[in-house]
Number of protein chains: 2
Amino acid sequence: MARKQGSHSDITGPKVQDTALRLIAQHGYAAVSMRQIAAEVGVQAGALYNYTSDKQSLLFDLMQRHMQDLLDALHKADLQGDALARLETFTRFHIRFHLPRSDQVFVSYMELRNLDPENFAAIEAMRRRYEDALESILRDGEVEGIFHVPDTRVTTMALIAMLTGLSHWYREGGRLAMNTIETIYWDLVRKAVTA
Amino acid sequence: MARKQGSHSDITGPKVQDTALRLIAQHGYAAVSMRQIAAEVGVQAGALYNYTSDKQSLLFDLMQRHMQDLLDALHKADLQGDALARLETFTRFHIRFHLPRSDQVFVSYMELRNLDPENFAAIEAMRRRYEDALESILRDGEVEGIFHVPDTRVTTMALIAMLTGLSHWYREGGRLAMNTIETIYWDLVRKAVTA
DNA sequence: GTCTATAGCCGGATAGAC
DNA sequence: GTCTATCCGGCTATAGAC
């Protein structure tokens, strides 16, 4: 260790991603420089361009990976049962997935406006697919007569905002454990939508 | 008009604030330059420093004014009646205040990390006072037996996130009128907290 | 109160040596 | 794969003329 030169692609590659994520979450994309990222990684700025074509790609790759991980995990969550059961699964899944990823959540919500238009469109499409998963549960519950929601789209946006907001203030080791929080939120969601 | 020189403090002052708010909401504080603001105002960059001591003060003043306006308006909303009535007043007040101020809401939530530490503390304290107003309503309702919330603090954060999230996606002239939206959200809030 | 001009620094990205 | 060195431009903020 403490080598100043040499090849470290196995180590440096992930380290660039991790460092960029952390710094962008903390200071914002526009406020973080490539030199700053390089310094924390332990290389010179020029070396970063072996791992990303430019700064914009660095941001886009972080956000795309987060959204893809989210969609993959949702599909594996395999929602079953009636609409109420599926809503509980979705709610608990959302919290469990997002809480340990506060940096990713933060960046994915705060840095949308710093994406180039085509990158923005790609991320928005992925986000929309996730929202639609919740909305279809609400629609099914309405048909089944279990839920009573005046407008499924508005309710979808309201619930996701409520759930995601949790990631913005929850801190590990705080007053309440994740399990407790999860149950409190599920309670709020259930009561809000049931007839 | 179209004068290139001269004194315009009455016009330029507010214009600087308005322009800064709009540009920062659109691109982010770090991504917006003083030159850019000056260009949209119609002056040279140096002239901005007649209206703000530096860029940081420009941001802080915008956020402080927004939070002060919010607290002032809340006090005038004069919450009366039982906890349920006061919760409805609060909910409708929140939506009516925030919806026409999407740029202020956006900046006040997104740019917290770009505030200097002392400025951050000041804004956070103001935000906390607003949150506490809602929490005290929830506590009263719990005592009165009207509400059933497992944890007033968590519920406060959940409800505010839900309500404020509305400002992030609502666009005037969209599918639904503000009054309709307001009623949908009040319905969700009421059902989520009542016993 | 606004202008022009500029100081002094930092930004993204690239070239070529090793 | 990483380094050093550099191009070229943009940044905040200030100085002094009008």
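What you see below is based on every heavy atom in this structure, not just the backbone, and it leaves out hydrogens, waters and symmetry mates. So that the names make sense, note that chain A is the first sequence line, chain B the second, and so on, each numbered from 1.
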Where the side chain of [X] is defined as all heavy atoms beyond and including C-beta, which of [options] is the nearest nucleotide?
| X | options | value |
| --- | --- | --- |
| B:K55 | C:dA13, C:dG1, D:dA13 | D:dA13 |
| A:Y49 | D:dC11, D:dT2, C:dA13 | C:dA13 |
| B:D54 | D:dA13, D:dT2, D:dC11 | D:dA13 |
| A:R35 | D:dC3, C:dC3, C:dG12 | C:dG12 |

How many Å lie between [atom1] on [X] and [atom2] on [N], as a whole number?
| X | N | atom1 | atom2 | answer |
| --- | --- | --- | --- | --- |
| B:N50 | D:dA15 | CG | P | 13 Å |
| A:L58 | C:dG11 | CG | P | 15 Å |
| B:I37 | D:dC11 | CD1 | P | 11 Å |
| B:I11 | C:dT2 | CD1 | C1' | 13 Å |
| A:D10 | D:dG1 | CG | P | 9 Å |
| B:Q56 | D:dC11 | CD | C1' | 16 Å |
| B:L48 | C:dC3 | CG | C1' | 13 Å |
| B:Y29 | D:dC11 | OH | P | 13 Å |

Does the side chain of [X] get closer than 4.0 angstrom to OP1 or OP2 of [N] through an N or O atom?
| X | N | value |
| --- | --- | --- |
| B:S33 | D:dC11 | yes |
| A:Y51 | D:dT2 | yes |
| A:Q44 | D:dT4 | yes |
| A:T12 | D:dG1 | no |

B:Y130-B:H94 side chain donor-acceptor pair, cut-off 3.5 Å: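 Side-chain D/A pair, B:Y130 to B:H94: present.
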Along DNA chain D (nearest heavy atom to each residue), the more 5'-positioned of B:Q36 and A:G46: A:G46
B:H66 and B:F97 aromatic ring geometry - parallel, tilted or perpendicular at 30°/60° bounds: tilted
Any donor-acceptor pair under 3.5 Å from A:E88 side chain to A:W186 backbone: no
Sugar-phosphate only, base, or nothing, as touched by A:V32 at under 4.0 Å among non-hydrogen atoms: sugar-phosphate
Matching residue for B:L48 among B:L58, B:T12, B:I37, B:T19 - test: side chain to side chain contact (heavy atoms under 4.5 Å, CB included):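 That would be B:I37.
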Cation-pi check, A:R113 onto A:Y29 ring (under 6.0 Å, within 45° of axis): no
